[in-house]
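Taking it in order: structure first as structure tokens, then the write-up.
Note that the coordinates shown come from a computational prediction; the quantities given were computed from them, not determined experimentally. Positions are given from 1, in the same order as the sequence printed here. Whatever order the structure lists them in is the order used to number ligands and atoms, beginning at 1.
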Amino acid sequence: MNTAYKRIVVVGGGTAGWMAATSLATALPGSTVELVESEEIGIVGVGEATFPMLRDFHKANGIDEAAFLRATNGTYKLGIEFRDWRAKGHRFFHTFGNFDDLAGPACLWGQYRRVNDAALGALGEQCLPSVMASQGRFATPPREHPNLYSYAYHFDASLYAGFLRGIALSRGARRTEGRIVDVRRRADGGVDQLKLDDGRVVAGDLFIDCSGFVSLLLGRALEEPFVDFSRWLPVDRAWAVPSEPGGPGLTPHTVATALEAGWAWRIPLQNRVGNGHVFSTRYIDEERACARLLELLDGPALAEPRLLRFTTGHRERFWVHNVVGLGLSSGFLEPLESTSILLIQRGLEKMIALLRPDARPAAAAVANYNTGMTRVFERIRDFIILHYCLTERRDSALWRDMASMELPETLAFKLHAWRQTGWLNMNGEEGFEATSWLAIHAGMGNWPEHADPVLAEVPVAEALQALHQRRDHYAAVVASMPTHEAFLRLMLGR
Ligand SMILES: Cc1cc2nc3c(=O)[nH]c(=O)nc-3n(C[C@H](O)[C@H](O)[C@H](O)COP(=O)(O)OP(=O)(O)OC[C@H]3O[C@@H](n4cnc5c(N)ncnc54)[C@H](O)[C@@H]3O)c2cc1C
């Protein structure tokens, strides 16, 4: 018998759990959605920078932008400013914008390289959101050009789950408070029931494991092996601490600063700044890493620093029997490009597409889900490694090791293709578009070895004039935009 999953149990009430409950309650009104969480255990409560795709999640679930920003002390994010990654003192932006044509005679970066005019400044000056970010300005794209550039948000992770909880409950999801102490299995290996510490039992047909790093169902109960990425991404700890606003203020971007044994994030919220130091214990001890973070704060710390421990990688399979892992229970890549929530969303979308009202997904569809999610993790892993392996830094053991590591084949091929042909080789299941890869290559000073002969179809003087015009146009457009702070006040009606 292959009847549909009618009783869906979500295990865990962090960002992953409440995103899942919200989507399931919205997309599958015929099913019951019950979420079990433990206030006593709490949530990880970090993860404050996001990716533009979150806006699609909000749109699909009818979530209003202003209400979301108000509830979570949210701010706008145009991208990330990378400091000291290529070399100490060097900066570049990776913003959610495009560089227009990426091939052919009008290829913007190709003409920029070809004309080689110092007066043009960095390639980022040809990209509207990069200019906005560097000037601290923000406005949503004009209505008539909604795709002119994209944007994401920063928010207080400890408030987001609560915000979604209200929405999910209003759409019929149920919440059960309690600590799960036992997982009962069915004869076929799947999960049947969860036993809570007070003896209550929660039964279901499909279980979504959003239990965080503990991976209660997928890892502990089903013993799904972990695929370890730490040979490429060796960071294994993070200190996180909020601080009073100060320094550069309410920047419309995250700052990621490369340090001796890892990197630090700075994320501005409406009421405070979120800070963290992601590091590898192969290169620095916890105490020194904490001291290093505290040195970097713009203002006084608002709480004691918190230590988080993790291993980069993912479970071999994401969907096993009737258990689907989402969020930290299924895997974690370091937060350099704010991709964890993006991964939750990708998993959710793929999963919901397979949940039919009349039948369970076929084994082949589940296998396809697992292959797809593995690819998504690997493609994002490669993109993150790109930031490290192109470094010119040799001032500490971490950077020397990162510059000389053996790369995953998939990334080695992409780098080879780019250097030989200027081709940004995109495969299926990419987390980042070609323009993002270009932003990192350009920012890190990694250019193709040969110029594409088709560029010569445009006379040099013409290309130069077009680039100067574009740069001057963006500078003028951005000068007329409000500051991020002013736009936010307007949006929040304050
Ligand atoms: C240092 C760091 C920085 C990060 N930065 C970013 C970022 O900038 N952007 C981004 O997108 N992501 C980031 N992330 C990831 C992000 O924090 C998570 O993806 C996101 O919060 C989802 O977490 P989760 O819901 O999977 O787990 P959690 O928040 O840990 O939730 C787990 C839930 O399971 C429940 N639970 C566990 N065990 C039991 C039990 N026995 N019984 C009942 N309930 C139980 C808990 O109570 C909790 O409700 C970061 C992560 C780390 C570690």
- Query: Hey, does Ile43 come in under 3.5 Å of ligand 1, counting only N/O atoms on both sides?
  - Reply: no
- Item | Polar proximity ligand 1 side, Leu328 side, N/O cut 3.5 Å exclusive | yes
- Establish, from distance only, whether the side-chain atoms of Thr26 and Asn61 form a donor-acceptor pair under 3.5 Å. yes
- Item | Nearest heavy-atom neighbours spanning Met53 and Arg346 | CE-NE, 4.0 Å
- Message: Heavy atoms only: which of Phe332, Phe51, Trp239, Tyr160 lies closest to atom 51 (C) of ligand 1?
- Response: Phe332
- Query: If every non-hydrogen atom of Ala161 is compared with every non-hydrogen atom of Ile43, which pair is closest and at what distance?
  - Reply: CB-CD1, 4.2 Å
- Query: At a 4.0 Å threshold, what atoms of ligand 1 neighbour a non-hydrogen atom of Glu48?
  - Reply: 7 (C), 8 (O)
- Hey, which atoms in ligand 1 end up nearer than 4.0 Å to a heavy atom of Ser38? 43 (C), 44 (N), 47 (O)
- Message: Against ligand 1, does Ala240 come closer than 4.0 Å with any heavy atom?
- Response: no
- Task: Take every heavy atom of Trp265, measure it against each atom of ligand 1, and state whether any distance is under 4.0 Å.
- Result: yes
- Item | Residue and atom name of the nearest protein heavy atom (relative to atom 27 (O) of ligand 1), distance in Å to one decimal | Gly212 CA, 3.4 Å
- Message: Are any of the N/O atoms on Val46, whether in the backbone or the side chain, positioned under 3.5 angstrom from an N/O atom of ligand 1?
- Response: yes
- Note on the structure: Closest to atom 39 (C) of ligand 1 (heavy atoms only, candidates Leu35, Leu326, Ile41) is Ile41
- Note on the structure: Ala238 heavy atoms within 4.0 Å reach ligand 1 at atoms 1 (C)
- Message: Return the closest protein heavy atom for atom 28 (P) of ligand 1 as residue, atom name and distance.
- Response: Val44 N, 3.6 Å
- Note on the structure: Looking only at non-hydrogen atoms, the one of Val10, Val202, Thr15 nearest atom 22 (C) of ligand 1 is Thr15
- Message: Under 3.5 Å between any N/O of Ile180 and any N/O of ligand 1: does that happen in this structure?
- Response: yes
- Task: Would you tell me whether Thr95 and Ser130 have side-chain atoms, one donor and one acceptor, within less than 3.5 Å of each other?
- Result: yes
- Can you see which heavy atom on Asp205 is nearest to which on Arg186, and at what distance? O-NH1, 4.3 Å
- Query: Just checking, is any N or O donor in the side chain of Asp236 or Thr281 under 3.5 Å from an acceptor N or O on the other one?
  - Reply: yes
- Going by heavy atoms, is Gly276 under 4.0 Å from ligand 1? no
- Message: Checking a contact table here: which protein heavy atom is nearest atom 46 (C) of ligand 1, and how many Å away?
- Response: Gly42 O, 3.0 Å
- Message: When you compare the side chains of His94 and Glu337, does any donor N or O come within less than 3.5 Å of an acceptor on the partner?
- Response: yes
- Item | Under 3.5 Å: N/O of Leu216 near N/O of ligand 1 | no
- Message: Out of Gly14, Ala157, Ala16, who is nearest to atom 31 (O) of ligand 1 when you count heavy atoms only?
- Response: Gly14
- Can you tell me which residue and heavy atom of the protein come closest to atom 13 (C) of ligand 1, and the distance to 0.1 Å? Gly47 CA, 3.2 Å
- For atom 8 (O) of ligand 1, which of Gly45, Ala49, Gly13 has the closest heavy atom? Ala49
- Query: Going by atom types alone, do Glu81 and His253 pair a side-chain donor with an acceptor below 3.5 Å?
  - Reply: yes
- Task: Show which atoms of ligand 1 fall inside a sub-4.0 Å distance from at least one heavy-atom site of Gly327.
- Result: 26 (O)
- Residues pairing under salt bridge (charged side-chain N to carboxylate O under 4.0 Å, His left out) where one sits in residues 149-166, two or more places apart or in two chains, turn out to be Glu37-Arg165, Glu39-Arg165, Asp156-Arg272
- Nearest protein heavy atom with distance in Å, relative to atom 19 (O) of ligand 1: Ser340 CB, 3.2 Å
- Message: Under 4.0 Å, counting heavy atoms only: does Gly178 come that close to any atom of ligand 1?
- Response: yes
- Using the salt bridge (charged side-chain N to carboxylate O under 4.0 Å, His left out) rule, collect all pairs that involve residues 215-227, keeping only residues at least two apart or in two chains. Glu224-Arg317
- Query: Got more than 12 heavy atoms from elsewhere within 6.0 Å of CD, Glu260?
  - Reply: yes
- Task: Using the six-membered ring wherever Trp is involved, compare the ring planes of Tyr369 and Trp319 and label them parallel, tilted or perpendicular (cut-offs 30° and 60°).
- Result: perpendicular
- Smallest heavy-atom separation, Trp265 atom then Ala240 atom, equals CZ2-CB, 4.0 Å
